[in-house]
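Below is one structure, written out as structure tokens; the observations come after it.
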Amino acid sequence: MKVALLSGGVGGARFARGLVDAVDPAGVTVIGNVGDDLDVLGLAVSPDLDSIIYALAGLHDEERGWGRSGETWEALATVSSLGGEDWFRLGDRDLGLHLVRTQALRAGEPLSAVTARLARALAIVAAIVPATDDRLRTWIDTPAGSFPFQEWFVARCHRDEVDGVRFEGVARPAPGVLEALGGADAILIAPSNPYVSIWPILAVEEIRAALATRGVPCVAVSPLVGGRAVKGPADRMLARMAGGTTPAHVAGCYGGLIDALVVDETDGTGPLAVRRIVTQTLMTDLDASRRLAEIALGAA
Ligand code: FO1
């Protein structure tokens with residue numbers, strides 16, 4: 001079975017891990033968000049791609065949700081002691097990946113090619129593809145001003161309410177993206193924040209068009225449980241920008257692009273324009289992630 005998954009970082013990566021357990025990973029393509037990529041200490045960091053890579057390689061930190069397990073922070077401590085940039089924490093193990101990627105990008109290798117190389121080196125069977133090789137950056141408009149995504153999310157602890165989300169840059173799909181969407185038996189959207197994890201992927205016009213004209217079912221998984229985000233600001237953003245946190249508000253973020261929405265049993269009622277699949281969506285462990293992926297696929 002061929003499956004294309006649109007995914008952000010933490011929750012999306014966890015879902016991707018379940019998906020490659022549910023089906024033959026050779027048929028899975030994970031299309032990752034790059035809107036929150038940034039340069040830190042001169043290094044090119046792609047947080048969502050990295051969360052997906054680490055999760056599929058079994059190297060992720062389960063509790064933190066991002067970065068590597070067994071991480072140490074000696075390099076960062078040195079950076080801090082020297083008055084360097086330490087607001088975005090790069091661990092010692094994680095640093096190695098950013099070094100390899102930065103060198104490759106500087107040498108002219110596209111992000112998609114480096115990402116595939118990193119995944120291969122870590123024995124990942126599924127394909128991990130950035131939505132685009134072009135520069136696409138997410139900006140967050142708040143009452144306190146406009147901020148690049150990570151400045152708002154990490155440096156300001158996403159405390160500012162969000163009035164709008166914008167995407168800077170004109171981007172073409174990376175090689176493999178349209179092929180994965182066109183050749184899929186099912187398209188899934190991970191339980192990621194619609195605005196800052198999935199919209200940047202859909203900001204690539206040809207990707208949005210591929211979903212809008214899909215010939216196979218597209219199933220999204222809601223990131224909410226009981227109207228609340230499991231982690232992060234998705235619930236506050238939905239309440240402020242869409243007017244609520246029901247399944248209908250989540251589905252509204254994907255108007256015309258999905259056929260079904262998998263929602264948690266605590267969010268089960270209320271009108272919904274697409275098919276509703278009600279289940280327990282909390283991904284407490286790998287079994288739960290696999291079960292959720294199976295249910296999403298079953299709805300496709
Ligand atoms: N998230 C944080 O909240 N604080 C950090 O210092 C931080 C560092 C970091 C380093 C590498 C990486 O791959 C991810 C990192 N994240 C950090 C997570 C990340 O910024 C967000 O979870 C995603 O961008 C949102 O999907």
Side-chain angles (χ1 to χ4, degrees), residues 5-17 30-57 59-77 79-80 84-102 105 111 114-115 118-119 122 128 130-131 136-140 147-160 162 165 167 189-203 221 223 229-237 283:
L5 170 70
L6 274 54
S7 175
V10 181
R14 196 163 284 187
F15 182 80
R17 179 72 186 84
V30 185
I31 301 166
N33 167 40
V34 293
D36 54 7
D37 287 12
L38 73 165
D39 287 339
V40 184
L41 294 162
L43 299 177
V45 182
S46 294
D48 285 3
L49 293 180
D50 295 347
S51 293
I52 296 164
I53 288 173
Y54 290 147
L56 296 194
L59 297 172
H60 61 294
D61 187 289
E62 194 69 55
E63 209 166 297
R64 218 172 33 247
W66 52 269
R68 287 187 58 160
S69 61
E71 188 58 280
T72 53
W73 307 91
E74 298 301 329
L76 186 69
V79 168
S80 297
E85 184 183 6
D86 61 359
W87 64 276
F88 197 81
R89 296 186 292 142
L90 300 181
D92 300 329
R93 294 181 171 200
D94 190 29
L95 266 171
L97 185 154
H98 307 310
L99 289 169
V100 171
R101 173 167 45 223
T102 303
L105 291 177
L111 181 61
V114 196
T115 305
L118 294 169
L122 293 171
I128 303 174
L136 179 96
R137 292 293 179 268
T138 302
W139 282 78
I140 307 296
F147 303 100
F149 177 78
Q150 297 292 0
E151 202 175 316
W152 167 74
F153 192 85
V154 173
R156 298 177 68 87
C157 303
H158 48 77
R159 64 172 176 266
D160 317 275
V162 180
V165 176
F167 308 104
I189 298 180
S192 301
N193 183 320
Y195 296 110
V196 296
S197 298
I198 304 300
W199 276 17
I201 302 175
L202 300 173
V221 182
V230 177
K231 204 173 177 192
D235 48 0
R236 282 166 52 218
M237 295 178 76
M283 295 180 287

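In what follows, every heavy atom counts, from backbone to side chain, and hydrogens, waters and symmetry copies are set aside. As the structure lists them, so they are numbered: ligands from 1, and atoms in each ligand from 1.
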Next on the checklist: Ring-plane angle category for Trp199 and Tyr195, please: parallel below 30°, perpendicular beyond 60°, tilted otherwise.
Outcome noted: perpendicular
Item to check | Proximal ligand 1 atoms for Asp48, defined as those under 4.0 Å from one of its heavy atoms | outcome: 23 (C), 24 (O), 25 (C), 26 (O)
Checklist entry - For ligand 1, is there an atom lying under 4.0 Å from some heavy atom of Tyr54? => result no
Checklist entry - Should Glu85 and Trp87 be marked as a side-chain hydrogen bond (donor to acceptor under 3.5 Å, both in side chains) after you check the CA-CA gap, both sets of side-chain angles, and the distance that decides it? => result CA-CA 6 Å; Glu85 184 183 6; Trp87 64 276; 3.1 Å; yes
Next on the checklist: Can a side-chain donor-acceptor contact be found between Tyr54 and Asp61 if the only test is distance below 3.5 angstrom?
Outcome noted: no
Item to check | Within-cut-off N or O pair, Arg89 and ligand 1, under 3.5 Å | outcome: yes
Checklist entry - For the side chain of Gln150 and the backbone of Ala155, is there at least one donor-acceptor N/O pair under 3.5 Å apart? => result no
Checklist entry - Which ligand 1 atoms are under 4.0 Å away from a heavy-atom of Val154? => result 1 (N), 2 (C), 3 (O), 4 (N), 5 (C), 6 (O), 20 (O)
Item to check | Structural part of Asn33 in contact with ligand 1, heavy atom criterion under 4.0 angstrom | outcome: neither
Next on the checklist: Can you name the atoms of ligand 1, numbered from 1 with element, that are less than 4.0 Å from a heavy atom of Phe149?
Outcome noted: 24 (O)
Item to check | Face-on cation placement of Arg64 at Trp66 ring, 6.0 Å and 45° thresholds | outcome: yes
Item to check | Short side-chain to backbone donor-acceptor contact, Asp92 and Ala75, under 3.5 Å | outcome: yes
Checklist entry - Should the proximity of Asp94 to ligand 1, defined as any heavy atom under 4.0 Å, be assigned to the side chain, the backbone, both, or neither? => result side chain
Checklist entry - Should you measure from each heavy atom of Gln150, which atoms of ligand 1 turn up under 4.0 Å away? => result 20 (O), 24 (O)
Checklist entry - In terms of atom number and element, which parts of ligand 1 are under 4.0 angstrom from non-hydrogen atoms of Asp36? => result 23 (C), 24 (O), 25 (C), 26 (O)
Checklist entry - How many angstroms lie between OG in Ser69 and CZ in Arg93, if you round to the nearest 0.5 Å? => result 6.5 Å
Checklist outcome for this item: Of Val165, Asp36, Asp37, the one forming a side chain to side chain contact (heavy atoms under 4.5 Å, CB included) with Thr138 is Val165
Item to check | Side chain, backbone, both or neither: the part of Leu90 lying under 4.0 Å from ligand 1 by heavy atom | outcome: side chain
Next on the checklist: Under 4.0 Å from a heavy atom of Phe153: which atoms of ligand 1 are those, numbered in the order shown and with their elements?
Outcome noted: 21 (C), 22 (O)
Next on the checklist: Below 3.5 Å, N or O to N or O, backbone or side chain included: is there any such pair between Ser46 and ligand 1?
Outcome noted: no
